[in-house]
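Atoms within a ligand are numbered from 1 in the order they appear, just like the ligands themselves. When reading the values below, keep in mind they use all heavy atoms of this one structure, side chains included, and skip hydrogens, waters and symmetry mates.
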Amino acid sequence: MTRSFETTGNLFDELPHDDAPKQPLAPGAVILRGFAARDAMTLWDSLQYIVAAAPWRHMTTPGGFRMSVAMTNCGAAGWISDESGYRYGPVDPITGMHWPAIPDSFLGVAARAAAEAGYDGFEPDACLINRYEPGARLTLHQDRNERDFRQPIVSVSLGLPAVFLFGSNTRKDRPRRIRLESGDIVVWGGPSRLAFHGVAPLADGDDPLTGRCRINLTFRKAL
Ligand code: MD3
Ligand code: FE
């Protein structure tokens, strides 16, 4: 986004409606600092309905390890990990029911953030929801279970801050460390879509909205 500050004394008048500083991270990857800050409470409220229908669970990796991050999903497709591998599926293996629908509050924020990053018409059909408690982490990985890598992933952080690890498209390079705070959104597309990434062990804290945890919503077009 190009901003001209010459025309007015008040630079905040010039900021877009969502007033998020747009911070390029890598080709195709953009941080929108605080983009979801004003929607955080609404997102948190919507999340309670999802968790009532599809409870938090610690999935098992194909290698047989219990993930430290608790997860659930909403949308036509939910991300699942178990002994037989990683995949998207329409049914929650715990309840035997379809995953709950993605709430309109979620879809609106995701589409606005994607558009702000240059991806108009983003219509995710999967939202993986991660809950980090102190010590929980996500080891370096790629997201490649989706069909079309031309579609971006939009990630919304709520609650305790985390150190996000952002590597290259090869596992070799040492990842950059980026602090993500409540309300920050990152849009990952283009050449960054298949970058290795992870989350460092969460530090303890007490967030006014979420308490002792960090929530991450990742919106995907999986199907
Ligand atoms: C970069 N979640 O759910 S979100 C995941 O904070 C995941 O919970 C992390 O990695 C979290 O798979 C990071 C940011 C993110 C999501 C997807 C990406 C970054 C990405 C896909 C490609 C490159
Ligand atoms: Fe990921």
Side-chain angles (χ1 to χ4, degrees), residues 23-33 35-36 43 47 50 56-59 61-62 67-75 77-81 85-88 99 102 106 109-110 113-114 117 119 122 124-171 173 175-203 207 210 213-222:
Q23 204 171 312
L25 190 57
V30 187
I31 308 188
L32 305 170
R33 294 281 180 198
F35 192 95
L43 298 176
L47 177 60
I50 294 166
W56 295 116
R57 81 286 311 267
H58 293 271
M59 297 189 196
T61 66
M67 297 182 77
S68 60
V69 178
M71 297 178 169
T72 187
N73 289 278
C74 55
W79 187 83
I80 300 162
S81 176
Y86 306 127
R87 64 191 175 279
Y88 283 95
W99 300 103
I102 306 180
F106 281 27
V109 173
Y119 298 93
F122 182 54
D125 51 24
C127 176
L128 171 62
I129 306 168
N130 297 329
R131 184 190 68 193
Y132 297 77
E133 290 184 314
R137 62 198 280 261
L138 206 55
T139 56
L140 228 50
H141 67 277
Q142 292 172 298
D143 288 24
R144 43 188 314 157
N145 298 119
E146 302 76 22
R147 286 222 174 94
D148 181 1
F149 298 142
R150 294 169 304 184
Q151 292 279 340
I153 291 182
V154 172
S155 110
V156 181
S157 293
L158 297 174
L160 291 179
V163 174
F164 177 74
L165 308 171
F166 182 55
S168 65
N169 287 5
T170 146
R171 201 183 271 283
D173 299 310
R176 292 162 63 187
R177 299 169 69 87
I178 296 141
R179 184 180 157 96
L180 291 179
E181 296 185 8
S182 196
D184 290 349
I185 295 193
V186 193
V187 181
W188 314 87
S192 293
R193 177 63 182 74
L194 289 173
F196 279 91
H197 60 278
V199 178
L202 194 82
D207 183 83
T210 63
C213 72
R214 167 179 187 256
I215 302 291
N216 187 263
L217 315 173
T218 51
F219 295 93
R220 300 127 189 278
K221 182 125 183 54

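Close approach of ligand 1 to Leu128 is summarised as follows: ligand atoms under 4.0 Å from at least one heavy atom of the residue are 3 (O). Taking a cut-off of under 4.0 Å to the non-hydrogen atoms of Val199, the atoms of ligand 1 that pass are 6 (O), 9 (C), 11 (C). Close contacts between ligand 1 and Ser155 involve ligand atoms 4 (S), 14 (C) [criterion: under 4.0 Å to a heavy atom].
For the pair Arg193 (side chain) and Gln151 (backbone), a donor-acceptor distance under 3.5 Å is present. The closest donor-acceptor contact from the side chain of Asn216 to the backbone of Val156 lies under 3.5 Å. When atom types are taken as modelled, the side chain of His197 and the backbone of Gly167 share no donor-acceptor pair closer than 3.5 angstrom. Side chain of Arg220 to backbone of Cys127: no donor-acceptor contact under 3.5 angstrom is found. Under the 3.5 Å distance criterion, the side-chain polar atoms of Ser192 are left unmatched by any main-chain donor or acceptor of Ala195. Looking at Thr72, its side chain never comes within 3.5 Å of a backbone N or O of Ile129 through a donor-acceptor pair.
For the side chain to side chain contact (heavy atoms under 4.5 Å, CB included) test with Arg214, the passing option among Leu158, Asn130, Val199 is Val199; the others fail. When each of Asp143, Thr218, Asn73, Asn145 is tested with Trp79 by the rule side-chain hydrogen bond (donor to acceptor under 3.5 Å, both in side chains), just one qualifies, namely Asn145.
The atom of Asp143 that is an N, O or S and sits closest to the Fe ion (ligand 2) is OD1. Among heteroatoms of the N, O or S kind in His141, NE2 lies nearest the Fe ion (ligand 2). No other N/O/S atom of His197 lies as close to the Fe ion (ligand 2) as NE2 does.
Looking at Arg214 against ligand 1, only its side chain comes within 4.0 Å, counting heavy atoms. Residue contacts with ligand 1 for Leu138 involve side-chain atoms from C-beta outward but no N, CA, C or O (heavy atoms, distance under 4.0 Å). At a heavy-atom distance under 4.0 Å, only backbone atoms of Ser192 (N, CA, C or O) approach ligand 1. Residue Arg220 touches ligand 1 through its side chain alone, judged by heavy-atom distances below 4.0 Å.
If you check which protein heavy atom lies closest to atom 21 (C) of ligand 1, you get His197 CE1, 3.4 Å. Ranking protein heavy atoms by distance to atom 22 (C) of ligand 1, first place goes to Arg193 O, 2.9 Å. At the shortest separation from atom 14 (C) of ligand 1 among protein heavy atoms lies Trp188 NE1, 3.3 Å. Scanning all protein heavy atoms for the shortest distance to atom 3 (O) of ligand 1 gives Asn130 ND2, 2.9 Å.
When the options Phe164, Phe166, Tyr132 are ranked by their closest heavy atom to atom 11 (C) of ligand 1, first place goes to Tyr132.
Looking only at side-chain heavy atoms (C-beta outward), Leu138 and Met67 come within less than 4.5 Å of each other.
In this structure, the ring of Trp188 has its center less than 6.0 angstrom from the ring center of Phe166.
Residue Val186 places no heavy atom under 4.0 Å from ligand 1. A heavy-atom separation below 4.0 Å is not found between Gln142 and ligand 1.
In this structure, Arg87 places its CZ atom where more than 12 heavy-atom neighbours from other residues, nucleotides or ligands lie under 6.0 Å away.
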